[in-house]
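All values derive from a computational prediction rather than experimental measurement. Values reported hereafter were calculated over all heavy atoms of this structure, with side chains retained and with hydrogens, waters and symmetry mates removed.
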Amino acid sequence: MASATVSALAGSLLSPLREVSLEKLIGYLWDYLSSSPSPSSPDEAEKQQQLKDSLEALEDAKLTVRLMQSRIMKLFQKHKKNERIVSLHNKLKDVGYDIQDLESEMNYMELERKVQEINKAEEEEEGDSSTSSQFSTGKRSFPFRLPTVFLSKKKRRLPASSQSLSLSTDEDIVRQVTSILKQIKSIKSKLKDESELEDLFDQLIMNEVYNPREQHDFTQNELVTTSSTNERKICGRNDEIQQLIKFLTEPNVNNGSNVSVVPIVGMGGIGKTTLAQFVFHNREIKNHFDEKAWIYVSNHFDRCRITKEMLQVINPNVQRCITSNLDFLERELQRHLTGKNFLLVLDDIWSNEWQWLLVPLQSSQAHVIKIIVTCRDPMVLRSTDERNKIILKDIDHQEYWSLFLNHAFAENNPDNYSQKLHDIGRCIVKKLMGSPLAAKTVGKLLGRDLTEKHWNDVLENDLWKLQIDAHDIMPALALSYYHLSPHLQPCFVFCSLMHNLNDQYCEMDELIFMWIANGYIHESGSNSKTMYDIGEEYCHELLAMGFFDKADSTTGFSTGFYESPDIRQGFFDRGDSTKVKMHDLMHDLAQLVSHGEICIYKNGKDEKLLKNARHVYVEGSVDPGLACEVNNLRTLVLGRVDAMLALFNHGVFKRIRVLVIFDGTMKELPEVIYHLKHLQYLDLLETSIKSISESVCGLYQLRVLKLPWDLLTVPNQIHSLINLEILD
């Protein structure tokens, strides 16, 4: 994707803003006040009155917050380059996080109170209670069956470490409420000034004095060309399929070498992966090769990781390799390839570093090794691969039009709609640059409302003006994001975190619970749907709109038009539940509109985490000093713990809702993690931890707890986790 487009789109799409509402917080505070004992001193009475006054001020601010949110969005639509409006949007977003934090604090206190009540009730029944009475009516009942080891006769005594987790005084609550009100007042004042300025601008334009916004209008960017001027498209690839199958099944002709490579070259979204995937699963190909491996490479080339994945695919009986000794891995790979026919797909190559992978393969005793490489830039290929290169070019215009109609009209008959609608559709198709991904995404967007007005609105959207060359489809994808419902936008952006994992597949169940933990899903007061039910609806909406695709339940591979398979199982890919996957261009879009809230740290990366980082994935080691300025982290995925643990003690991660650790060398859980009172999702499955402290039972907000399969001891007070929905 061209950098000019990235820059332009970044300034034209706000990061998603979950609804900022005071309703839930006000409810918590009223409950807290009503359950507070009568003050026993004038000082306590004064503090309770301060809390009541703060609560009334929040009530008065409810409408103000809703109006501010609406006004900011309207001003941004009028003038997308107004940095002051973007700043106000971000400040309101920060207020939303502070509100969410205080809600979480109050919820923790309420859960703590409930556990204490259960303890007290059980103490009163101690003489008559039995093991099963801990699950009787009126007490905590789990929506799943607990293993026998959990059925303890011990009481739900409050873990000692949890005593320090609650807000200690009314004064603490007043202080946080006062901070929220102060921020709201500041935003309101600045927004008032900005609104008055906009009104003045409107008057100047109306009276034809001059247009103060003119200098910020969208302009056509200069044409950017590179050495790879590849032509485009997919769909109707019969010739290419036959060419690829022929290459894979014929003997090698590379001067006696046992390795030969066929590159598939084309622009992003043209269908390189789809072509390779189709042939990968072809029956003739399956019968021809003893072993097959699909490796997603991406622009973060990791020779050790790729070699390890090849080895694990070829020999599934090999235990998960912890070693990073490349020499050992390559020798093991050569040993397991001896005498075999091996098909390897290296999907999404970005540099010529992939050629290092050929060294151990060429010196192996394999019978035949065929490699399919997909890439956008032919400059990353070897000169010897040129004769086998498959360039995906434009498909027939009529065939592309049919593809577009299929996505736009779905089950509806296009012939039943006006010629004017078809004419608008043809104008839109000209802007899609022949990309099947764009046809699918924009087609589904248009299919939501088969009216001339809606289609014309899409056609005339300013985002098209950001298109910079004949291969640029990002504005088309951005249009679909722009039309997403506000409640779906943060869910979509969060999914870019999953794409950066090596397997790229995410279990829908896990994704939904992570959305819940981050406050992206709210229970509906008008019906009996749970947050999980609502999360499933969100997933199906995003699937229907083409933002990600569903994996085939039998093969584990995507059934979508563009998705690439990856048979490696990572921390997101466990079990047989429904899996979804995001296309790499959709991932680029999600990263773009996150404006730094999603951060991916690979080995060797030395930039600092942005101060506004909310969701971070760390693979390998990272200098803890790079994260010192972060103070509002919500999600943390750690491939290695080591130095990062020091930051927990500095309070950098004190607001974390989701923590996933897949470090096989980690043998005990640091004590500081037991103090993360906002934690709702804790995944330790891929660690080597043998026991968990009783202190974990003080994390009352946990909804999901995943423990290693070979855990030796389980906390006796596990029943204190009265919010728990998933125990794995």
pair Gln183-Lys91: side-chain heavy atoms closer than 4.5 Å: no
Atom CD of Glu171 with >12 non-hydrogen neighbours under 6.0 angstrom: no
Main-chain N/O of Lys185 paired with Ser189 side-chain donor or acceptor, under 3.5 Å: no
Residue pair Met68 / Ile187, side-chain heavy-atom distance below 4.5 Å: yes
Glu110 and Glu105, any side-chain heavy atoms less than 4.5 Å apart: no
Non-hydrogen side-chain atoms of Leu702 and Leu682 separated by less than 4.5 Å: yes
Beyond-backbone contact of Val616 with Val637, side-chain heavy atoms, under 4.5 angstrom: no
Note, Met666 side chain near Ile661 side chain (heavy atom, < 4.5 Å): yes
Residues Arg113, Glu117: salt bridge by 4.0 Å N-O rule: yes
Arg657/Asp101 ion pair, N-O < 4.0 Å: yes
Distance-minimising heavy-atom pair for Cys495 and Leu511: SG-CD2, 3.8 Å
Nearest-0.5 Å distance, CG of residue Leu684 to CD1 of residue Ile692: 5.5 Å
The single option from Leu33, Leu51, Thr178, Leu55 passing side chain to side chain contact (heavy atoms under 4.5 Å, CB included) against Ile173: Leu51
For Leu659 against Leu676, the heavy-atom pair lying closest together: CD2-CD1, 4.3 Å
From CA spacing to verdict: side chain to side chain contact (heavy atoms under 4.5 Å, CB included), Glu541, His487: CA-CA 11 Å; Glu541 286 185 68; His487 65 272; 3.9 Å; yes
Between CH2 on residue Trp30 and OG on residue Ser35, distance to nearest 0.5 Å: 12.5 Å
Atom NZ of Lys62 with >12 non-hydrogen neighbours under 6.0 angstrom: yes
Leu29 side chain near Leu25 side chain, heavy-atom distance below 4.5 Å: yes
Salt-bridge contact Asp172-Arg175 (side-chain N to carboxylate O under 4.0 Å): yes
Interatomic distance, Leu22 atom CG to Ile26 atom CD1 [nearest 0.5 angstrom]: 5.0 Å
Among Val660, Ile656, Leu497, side chain to side chain contact (heavy atoms under 4.5 Å, CB included) partner for Thr635: Leu497
Gap separating the OG atom of Ser720 from the NZ atom of Lys114, nearest 0.5 angstrom: 14.0 Å
Ser179-Asp98 side chain donor-acceptor pair, cut-off 3.5 Å: no
Flag for Asn90-Ser87: side-chain donor and acceptor within less than 3.5 Å: no
Glu103 versus Asn107, side-chain donor and acceptor atoms under 3.5 Å: no
Distance-only polar pair, side chains of Arg634 and Gln100, donor-acceptor under 3.5 Å: yes
CA sep, side-chain torsions, deciding dist, call: Asp533, Glu537, side chain to side chain contact (heavy atoms under 4.5 Å, CB included): CA-CA 7 Å; Asp533 294 334; Glu537 292 177 358; 5.6 Å; no
Side-chain (Gln48) to main-chain (Pro37) donor-acceptor, under 3.5 angstrom: yes
Ring center gap for Tyr681 and Phe513 short of 6.0 angstrom: no
Any donor-acceptor N or O pair under 3.5 Å, side chains Trp515, Glu510: no
salt_bridge(Glu597, Lys93) N-O dist < 4.0 Å: yes
Ring centres under 6.0 angstrom apart (Phe494, His615): yes
From CA spacing to verdict: side-chain hydrogen bond (donor to acceptor under 3.5 Å, both in side chains), His678, Ser104: CA-CA 6 Å; His678 299 290; Ser104 180; 2.6 Å; yes
Whether Ser70 side chain and Leu67 backbone form a donor-acceptor pair below 3.5 Å: no
N/O donor-acceptor pair under 3.5 Å between Ser485 side chain and Leu488 backbone: no
Test side chain to side chain contact (heavy atoms under 4.5 Å, CB included) applied to Glu725 and Val704, step by step: CA-CA 6 Å; Glu725 296 182 50; Val704 176; 5.8 Å; no
Backbone N/O of Gln50 and side chain of Ser54: donor-acceptor pair under 3.5 Å: yes
Short side-chain to backbone donor-acceptor contact, Glu694 and Asn716, under 3.5 Å: yes
Euclidean distance, Ser36 OG relative to Lys52 NZ, rounded to 0.5 Å: 12.0 Å
Taking every non-hydrogen atom, the tightest pair across Val658 and Ala517: CG2-CB, 3.7 Å
Spatial distance of atom OG (Ser496) from atom NE2 (His587) [nearest 0.5 Å]: 5.0 Å
Short side-chain to backbone donor-acceptor contact, Ser693 and Ser695, under 3.5 Å: yes
Shortest non-hydrogen separation from Tyr538 to Ile521 and the atoms involved: CE2-CG1, 3.7 Å
Side-chain ion pair, Glu194 and Arg71, N-O less than 4.0 Å: no
Intermediate values then yes/no, side chain to side chain contact (heavy atoms under 4.5 Å, CB included), Ile516 and Tyr520: CA-CA 6 Å; Ile516 292 172; Tyr520 299 150; over 6 Å; no
Over all atoms of both residues, closest heavy-atom pair of Ser21 and Ile99: O-CG2, 3.7 Å
Minimal non-hydrogen separation, Lys188 against Thr64, with atom names: CD-CG2, 3.8 Å
Backbone N/O of Leu685 and side chain of Asp683: donor-acceptor pair under 3.5 Å: yes
Side-chain heavy-atom pair Ile598, Arg614 within 4.5 angstrom cut-off: no
